[in-house]
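All heavy atoms count here, side chains included; hydrogens, waters and symmetry mates do not. None of these values were measured; they are calculated from a predicted model. Along the sequence shown, residues carry numbers from 1.
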Amino acid sequence: MSAELDLSTPEIPEPTLLESILRYGLFLGAIFQLICILAVIFPSSKGHEQEEAESTDVKAAEQIKKPKGPTPQPRQKPKKESKKKR
């Protein structure tokens, strides 16, 4: 029972260039996904408030303009009904 135990560290080959690129690409993808999830959970209110302010300014400017009177509507011709051929 005098077996020798090999307690040395196992040899691990160096990662190749492709493995390194994949590894860092996965890290970048995970970080991007976390940023997107956080953006959905905590939306920035600055952009939304500015859009609302611009739309209310445009509506206010349209209400200030005086109406020029009734606009003439084009006459509509009645559509001819075509009979289906059987």
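- Applying the side-chain hydrogen bond (donor to acceptor under 3.5 Å, both in side chains) definition to pairs two or more places apart or across chains, none involves residues 21-38.
- The hydrophobic cluster containing Ile31, built from Ile/Leu/Val/Met/Phe/Trp/Tyr side-chain heavy atoms closer than 4.5 Å, also comprises Ile35.
- Hydrophobic cluster of Leu17: the remaining members, joined at side-chain heavy-atom separations below 4.5 Å, are Ile21, listed by chain and number.
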